[in-house]
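Have a look at the structure below before the remarks.
This one's a predicted model, so the numbers in the text were calculated from it and none came from an experiment. Counting from 1, the numbers follow the sequence of the chain as shown.
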Amino acid sequence: MRHRFVISVFVVAALALTANSFAQNAGQRGGAARAARTPGPPPDNPRDFNGVWSIDNSTVSGHRLRAEPLPMQPWAKERYDYVKDPSNINARGRNELNPDFRCFPRGPTASWQGLEHPMEIIQTPQRTLITFEWGGEMRRIWTDGRPQPEDPPFTWMGQSVGKWEGNKLVVDTIAIHEHTWLDRAGHPHTNAMRLTERISRPERDRLVVEMTIDDPKAYTMPFTITMGFNRSRYELEEYVVCEDLFLHGKLVP
C-alpha cells in the first residue's frame, strides 16, 4: 500500500512538472508571436520629401546656377553680359530686368536658390506643394496622373506635372513666364523653355534636385544643374519682398 502511495505521488509530481514546462513553453511561444506582431518604427520612405529644406551653398556658385558659362545664344549672352556688368548693378536699366526689383516671382529655377531663405515641401497623393520663404512664393506640382494642358497660360511658376520613376519624382514644367530669370545672376530664357526636374532624397536629411533646362531659343543645347539641400528645423516666416525693397529704396515702380 505504501509503495502504491509513493508511486502515485511520483506520477502526480511528474505530471505537474510536465504541465508547468508545457505552459512555460507555450507562454514563450505566445510571447514571441506577440512580439512579432508588435509594429516597430516606420521604415524610412525615400519618396517622403515633407519638411523644411535649406540649400547647400556648396552646390551652387553664388547667384549663378553654376560656375561654368552656360551655352547661350548670342542675344541671350548679350542680355546676360549687360545684367552682370558691375556698372549696372544699381542702374535703373538692370533693375527693370530683375524680377526681384519689380516684386515679381522668381520662377521655378531661381526659386530653388533661396540661399538664406529656406523652403517647405508638403506632399499629398494628388500634389506636391513647395512654399518658398522668399516672397511666400508657391509651386504646385500635380501628381494625380493628369497630362500637361494643351494650351496653358503662361505663369510665373509655370504648369507642372510629376510622376515617379523609382524613388525620383520627375517633374515636367512648361509655360514659364519669360520675364523670370534662370538664376539670381540674370540668365534669361524664353517662353519656349521646358524644365525637367528629378527630385530625390538619397539620405533622410538630404534632398537633391537635378534640373534640365531645354530652351533652344536662348541656349544652344540643353544642360543640367544639380543642387543639394539639407533638412532644417527652421520654421518658415513671413517675408514680404516689396516691403524690404521699399525700405531700402530699391523698388522699381
Determine all donor-acceptor pairs shorter than 3.5 Å in which one atom belongs to a side chain in residues 172-179; sequence neighbours excluded.
unit_1, atom_1, unit_2, atom_2, d
D172, OD1, R194, NE, 2.7
D172, OD2, Q148, NE2, 3.2
D172, OD2, R194, NH2, 2.8
T173, OG1, R139, NH2, 3.2
T173, OG1, S160, OG, 2.7
H177, ND1, H179, N, 3.2

**OP:** Please tell me if the side chains of D81 and K77 come closer than 4.5 Å, counting only heavy atoms from C-beta onward.
**Re:** yes

Subject >> Common cluster, V208/W53, ILVMFWY with side-chain heavy-atom separation under 4.5 Å >> reply: no

Original post:
Does the side chain of V161 come within less than 4.5 Å of I141's, by heavy atoms?
Top reply: no

Original post:
About how many Å separate CZ of R106 and CD of E137, when rounded to the nearest 0.5 Å?
Top reply: 7.0 Å

**OP:** Go through L129 and I121 one step at a time and tell me if the side-chain contact (heavy atoms from CB on, under 4.5 Å) criterion holds.
**Re:** CA-CA 6 Å; L129 302 177; I121 297 179; over 6 Å; no

Subject >> Within-4.5 Å side-chain heavy-atom neighbours: F49 and L169 >> reply: yes

Subject >> Within-4.5 Å side-chain heavy-atom neighbours: W181 and N98 >> reply: yes

**OP:** Calculate, to the nearest 0.5 Å, the distance between atoms CG and CD belonging to N50 and Q123 respectively.
**Re:** 5.0 Å

**OP:** Quick one: pull up OH in Y80 and CE in M72 and give me the separation to the nearest 0.5 Å.
**Re:** 6.5 Å

**OP:** State the CD1-CZ distance between I122 and R127, to the nearest 0.5 angstrom.
**Re:** 11.5 Å

Subject >> Sub-4.5 Å side-chain heavy-atom contact between T180 and M157 >> reply: no

Subject >> Chi angles and distances behind the side-chain contact (heavy atoms from CB on, under 4.5 Å) call for D100, W134 >> reply: CA-CA 10 Å; D100 286 355; W134 173 272; 3.6 Å; yes

**OP:** State the CG-CG distance between L70 and L182, to the nearest 0.5 angstrom.
**Re:** 7.0 Å

Original post:
Just by distance, do the side chain of S200 and the backbone of P202 share a donor-acceptor pair under 3.5 Å?
Top reply: no

Original post:
Does a donor on one side chain sit under 3.5 Å from an acceptor on the other, for W112 and E197?
Top reply: yes

**OP:** Check for a donor-acceptor pair, side chain of D183 on one end and backbone N or O of H187 on the other, with a separation under 3.5 Å.
**Re:** yes

Original post:
Okay, side chain of R79, backbone of Y82: is any donor-acceptor separation there less than 3.5 Å?
Top reply: no

**OP:** For the pair V52 and E235, evaluate side-chain contact (heavy atoms from CB on, under 4.5 Å) and give the outcome as yes or no after the intermediate values.
**Re:** CA-CA 7 Å; V52 177; E235 292 185 354; over 6 Å; no

**OP:** Mind listing the closest non-hydrogen atom pair of R201 and E203 along with its distance?
**Re:** CG-O, 2.8 Å

**OP:** Please report the closest heavy-atom contact between A185 and V83, naming both atoms and the distance.
**Re:** O-CG1, 3.5 Å

Original post:
Quick one: are T190 and W75 in side-chain contact, heavy atoms under 4.5 Å?
Top reply: yes

Original post:
Is the shortest heavy-atom distance from the side chain of W164 to the side chain of V170 under 4.5 Å?
Top reply: no

Original post:
Taking atom CZ of R231 as the centre, does the number of heavy atoms from other residues, nucleotides or ligands within less than 6.0 Å exceed 12?
Top reply: yes

Original post:
So F132 and E120, side-chain contact (heavy atoms from CB on, under 4.5 Å) or not? Walk me through it.
Top reply: CA-CA 7 Å; F132 301 93; E120 183 173 13; over 6 Å; no

**OP:** Indicate whether any N or O donor in one side chain lies under 3.5 Å from an N or O acceptor in the other, for N230 and S54.
**Re:** no

Subject >> OG on S111 to CZ on R184, rounded to 0.5 Å >> reply: 10.5 Å

Which side-chain N or O atoms in residues 216-228 pair as donor and acceptor under 3.5 Å with protein atoms at least two apart or in another chain?
unit_1, atom_1, unit_2, atom_2, d
Y219, OH, P188, O, 2.7
T220, OG1, P71, O, 3.3
T224, OG1, T212, OG1, 2.9

Subject >> Flag side-chain contact, heavy atom, 4.5 Å: P153 against Q159 >> reply: yes

